Amino acid sequence: MKKLIKISDFTISNEKTFIIAEGCDNHFGSLDNAIKMIDFAKTSGADCIKFQHHLPDEEMLENIPVSDNFHEPLYDFLLKNALTIKQHKKILKYCKEIGIQYLCTPFSFKAALELDNIGVDFFKIGSGEMTDLTSLEKIASLKKPMIVSTGMSTIDEINTTYEFLSSINIEFAFTNCVSEYPPKYEDINLGVIKTLKDKFTDIIIGHSDHTPDIYTCIASVIYKPAI
């Protein structure tokens, strides 16, 4: 029997697909843009919308190589475009007012603490932090459920994180993920969802998608009715 994850007025289970819209940093630091994204997500029928909380000096060095997909260093981009915690608080309040679940990815423990202080219900953990057990343990100490993406990780690494999170008695789910932006369709192997479901039978398994359309999201439901 798979677990249910109860979050505020919502329940994530295998009985109904739980749809999370991706807000990311596509608001470019504008609260108005973020609110419009929430409205679009709600109108589209999403159960939840996810944003990111970045404190650049807590998560990266200032002088890092520029990704091929960016025209400026990520550090500089985040300094200009990351939402403040006060803006996240307003976004959280608005989500509650219109009846859509707010979710956010902290990229440092300090960011998680700030989100905890404004009353978040749960955390999304990005693939890059999936094997960072030290950070996971600190965030788990806040006693909030986690949804953890598994991009770039081997089955052995996923199993290590599964055993660790299980040992510290925290509610969590995994999402299958391909960490390309955007991924090539030939790299999308949705069969991994079934592999994860068969191996980790007591947690929810979902899918985190980076393709530019919804086709693989729809197909993912064939393998599991979940996130």
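Quick caveat: nothing in here was measured; it's all calculated off a predicted structure.
- Here Asp121 does not pair with Lys144 in a salt bridge; the nearest charged N to carboxylate O distance is not below 4.0 Å.
- Ion pair Lys194/Asp198 flagged as a salt bridge, since at least one NZ, NE, NH1 or NH2 atom sits closer than 4.0 Å to an Asp/Glu carboxylate oxygen.
- Tyr215 pairs by the side-chain hydrogen bond (donor to acceptor under 3.5 Å, both in side chains) definition with nothing, not counting sequence neighbours.
- In this structure a side-chain-to-backbone donor-acceptor pair under 3.5 Å is present from Ser108 to Ala111.
- Not counting sequence neighbours, the partners of Asp132 by the side-chain hydrogen bond (donor to acceptor under 3.5 Å, both in side chains) test are Ser135.
- Side-chain atoms of Asn81 come within 3.5 Å of backbone N or O of Phe77 as a donor-acceptor pair.
- No hydrogens or angles considered: nothing links the side chains of Lys36 and Ser30 as a donor-acceptor pair under 3.5 Å.
- To the nearest 0.5 Å, the span separating CZ on Phe123 from OG1 on Thr105 amounts to 10.5 Å.
- In this structure, the side chain of Ser166 does not engage the main chain of Glu163 through any donor-acceptor pair within 3.5 Å.
- Side chain of Lys50 to main chain of Tyr102: no donor-acceptor pair is present (N/O by atom type, distance under 3.5 Å, no hydrogens or angles).
- Taking CD of Glu171 as the reference point, atom CD1 of Ile147 lies at 11.0 Å (rounded to 0.5 Å).
- Between the side chains of His210 and Glu180, no donor-acceptor pair is found at a separation under 3.5 Å.
- Here the side chain of Thr161 pairs a donor or acceptor atom with the backbone of Met130 at under 3.5 angstrom.
- A side-chain donor-acceptor contact under 3.5 Å links Tyr75 and Asp57.
- Judged by distance alone, the side chain of Ser127 and the main-chain N or O of Met152 form no donor-acceptor pair under 3.5 Å.
- Put simply, the side chain of Asn117 gets close to the backbone of Leu113: a donor and an acceptor are under 3.5 Å apart.
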Test ring pair (Phe, Tyr, Trp, His ring centres under 6.0 Å) applied to Phe174 and Phe172, step by step: CA-CA 7 Å; Phe174 282 156; Phe172 68 97; 5.5 Å; yes
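- With respect to His88, the ring pair (Phe, Tyr, Trp, His ring centres under 6.0 Å) criterion is satisfied by exactly one of His53, His54, His27: His53.
- Between the side chain of Thr211 and the backbone N or O of Asp213 there is at least one donor-acceptor pair closer than 3.5 Å.
- Between Lys80 and Glu72 there is a salt bridge, since a side-chain N of the basic residue sits under 4.0 Å from a carboxylate O of the acidic one.
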